[in-house]
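Let me begin by presenting the structure, written as structure tokens, before commenting on it.
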Amino acid sequence: MQLFLSDNSVFNLISEGISEGIIVVNKEQIIVATNSAADEMFLYDKSKLIGQPLETVIPRRYHQGHGAHVNNFVAKSKKRQMGKGRDLHGIRKNGEEFPVEVGLNPFKIDGATFVMALVIDITERKIKEKELSHWFRIFDESLNEIYVFNAQSFLFVDVNKEAQRNMGYSLEEFKTMTPYTIKPEIDRNQFLKLVAPLQNNEKAKIKFETTHQRKDGTLYSVEVHLQLSAMGDTKVFVAIILDITDRNNYTERLERKVEERTIQLTDALAKERELNELKTRFLSLVSHEFKTPLSSILTSITLLGKYTQTEQQDKRDKHVTTIRSKVKYLDAILNDFLSVERLDSGNTNYKLETFPLSKVINEVVYDANMLLKIGQKINYPEDIDDLIIEFDPKTLELALSNLVNNAIKYSPENATIDLNIKHVDTNIVINVLDEGIGIPVEEQKHIFNRYFRAENALLTQGTGIGLNIAKQHLENLGGTLEFSSEENKGSNFTIIIPISPINNI
Ligand code: ADP
């Protein structure tokens, strides 16, 4: 400082020692002294500001108001800070404006009034403030919920707008709460464990999924991103929350879809496997079941050709009967196979017809007669011509011929097969009774399973298909198929069908 203070070395020392700029003006607002900090701040060579009007360091746009302001200030002669509530600016020699904070100190020397202005360049502070407000806006206006809470007490310190809106608590309310207050699935101890890796500096951030409970009690799924930070000297946790309700719903939906598809795929695979199994079985059945009758047909035909004499007619008849019965048998097996295929593919076409029951009975018995062993006979009622039913005749024939053929197959020579028919209420009850090998008790529960054959039947030809498809067809048309049997005594198979169709066929 120069001028009137130049000889005051103590003052000089102090003014040069401080980092704030000092500008002293007289009553006319002419600069009478500056320190080096002020010279440097305004980019003037040492003491070059002295003698200049104060307006030299004030941007033009403030000039008008400024003079009056200072005059007024000088008149009141009070020490104070200038421009409270307003942004003040200085102007450097190169025309650059910069924000300043100014403290004014009036004083008198020898009756003359002076004002000493302490000027601080606050450019850096303003930049920081701007940055801070920028970050604060990001924090407050973020559409993710952001929570800041004390790392010791866990009490919330700050909570952004979105969190307040979504959760329904005010900031004041939040300040009495902790993260575990709003997490019904996590208690204090669990939370302590959760944040331990952050507190021990083992991890820089952690992420976990949980549920948040709003003030109104409703819940929503969240993903929490948590990290340790500091507010001044206080350690705080910053938590950014993502609402993952949609994601969870989507994941749930996706999982359900995958589950559904897996089940469908497993079903399709099982069906495929079953089909393959069926094919394999079919091939082995064909080779076993078809070969024997076919070779016996072949033998009969060869022999037929040899019986050329007239008196050998009974021999020819015997072979013709054999051929006819074997062809019937093959035809029956083929029908069974076709039925399996139709049942499995859902392609069964039932045709309901009104017909006398005797028609089907006679056909079945007629065909069965060709299969009878020596001395076997079938008793069947011949007085049922007036019993008219409405049913699918093909299905009834298939079921009944399976039962009668079995009765023949599994009975010894000279055995009798009884076919009883009763009219009970709205149903027809048909019983096929035989005196054959019967079915062992322990195997009875499997008897309607496809391909199942009882141990005692294995020496007899068969496929294990007949009962299975007969039962399925009858049940599809509102009927039933049941049996009772005693090993080595005989069996009793019962078909029950409605006289008229049930409604849902
Ligand atoms: P299969 O072609 O083997 O006769 P079915 O489905 O008609 O096939 O019968 C399944 C099994 O039930 C037979 O293999 C046999 O063990 C038993 N079965 C059926 N009917 C009788 C019966 N009348 N007497 C003894 N066992 C029978």
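Whatever order the structure lists ligands and atoms in, that order sets their numbers, starting from 1.
Atom 19 (C) of ligand 1 has Asn406 ND2, 3.5 Å as its closest protein atom, hydrogens excluded (heavy atom only). If you check which protein heavy atom lies closest to atom 5 (P) of ligand 1, you get Leu467 N, 3.7 Å. Scanning all protein heavy atoms for the shortest distance to atom 3 (O) of ligand 1 gives Arg453 NE, 2.5 Å. Scanning the protein heavy atoms around atom 23 (N) of ligand 1, the nearest turns out to be Asp434 OD2, 2.9 Å. Counting protein heavy atoms only, atom 17 (C) of ligand 1 is closest to Ile447 CD1, 3.8 Å. The nearest protein atom to atom 11 (C) of ligand 1, hydrogens excluded, is given as Phe452 O, 3.6 Å; this is a heavy-atom distance. In terms of protein heavy-atom proximity, atom 13 (C) of ligand 1 is closest to Tyr410 OH, 3.4 Å. Atom 16 (O) of ligand 1 has Ala454 N, 2.9 Å as its closest protein atom, hydrogens excluded (heavy atom only).
A side-chain donor-acceptor contact under 3.5 Å links Tyr180 and Arg188. For the residue pair Asp418 / Asn379, a side-chain donor-acceptor distance below 3.5 Å is found, with atom types taken as modelled.
A distance of 6.0 Å or more separates the ring centres of Tyr147 and Phe237. Ring to ring, Phe355 and Phe391 are not that close: their centroids are 6.0 angstrom or more apart. Close placement of the Tyr350 and His473 rings is indicated, their centers lying within 6.0 Å of each other.
One finds a salt bridge joining Arg450 and Asp344 here, because a Lys/Arg side-chain nitrogen approaches an Asp/Glu carboxylate oxygen to under 4.0 Å. Taking 4.0 Å as the cut-off between side-chain N and carboxylate O, Arg165 and Glu162 count as a salt-bridged pair. Using a cut-off of 4.0 Å between Lys/Arg side-chain N and Asp/Glu carboxylate O, Lys215 and Glu173 are scored as salt-bridged. Residues Lys471 and Glu475 are paired through a salt bridge, judged by an N-O separation under 4.0 Å between the basic side chain and the carboxylate.
Ligand 1 has at least one atom lying under 4.0 Å from a heavy atom of Phe493.
Residue contacts with ligand 1 for Ile465 involve N, CA, C or O but no side-chain atom from C-beta outward (heavy atoms, distance under 4.0 Å).
Here is the list of ligand 1 atoms found below 4.0 Å of a heavy atom in Ser491: 22 (C), 24 (N), 25 (C). For ligand 1, the atoms closer than 4.0 angstrom to any heavy atom of Gly462 are 1 (P), 2 (O), 3 (O). Close approach to Gly438 involves these atoms of ligand 1, each under 4.0 Å from a residue heavy atom: 25 (C), 26 (N). Taking every heavy atom of Gly466 and a limit of under 4.0 angstrom, the matching atoms of ligand 1 come to 5 (P), 6 (O), 7 (O). For ligand 1 and Ala457, the ligand atoms under 4.0 Å from any heavy atom of the residue are 14 (O), 15 (C), 16 (O). Near Lys409, with a cut-off below 4.0 Å to any heavy atom, the atoms of ligand 1 are 1 (P), 2 (O), 4 (O).
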field: Step-by-step salt bridge (Lys or Arg N to Asp or Glu O under 4.0 Å) determination, Glu129 to Lys126
entry: CA-CA 5 Å; Glu129 272 175 16; Lys126 281 282 174 196; 3.8 Å; yes

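Checking only distances, Thr463 does come within under 3.5 Å of ligand 1, N or O to N or O.
Not a single donor-acceptor pair under 3.5 Å links the side chain of Asn402 to the backbone N or O of Ala470.
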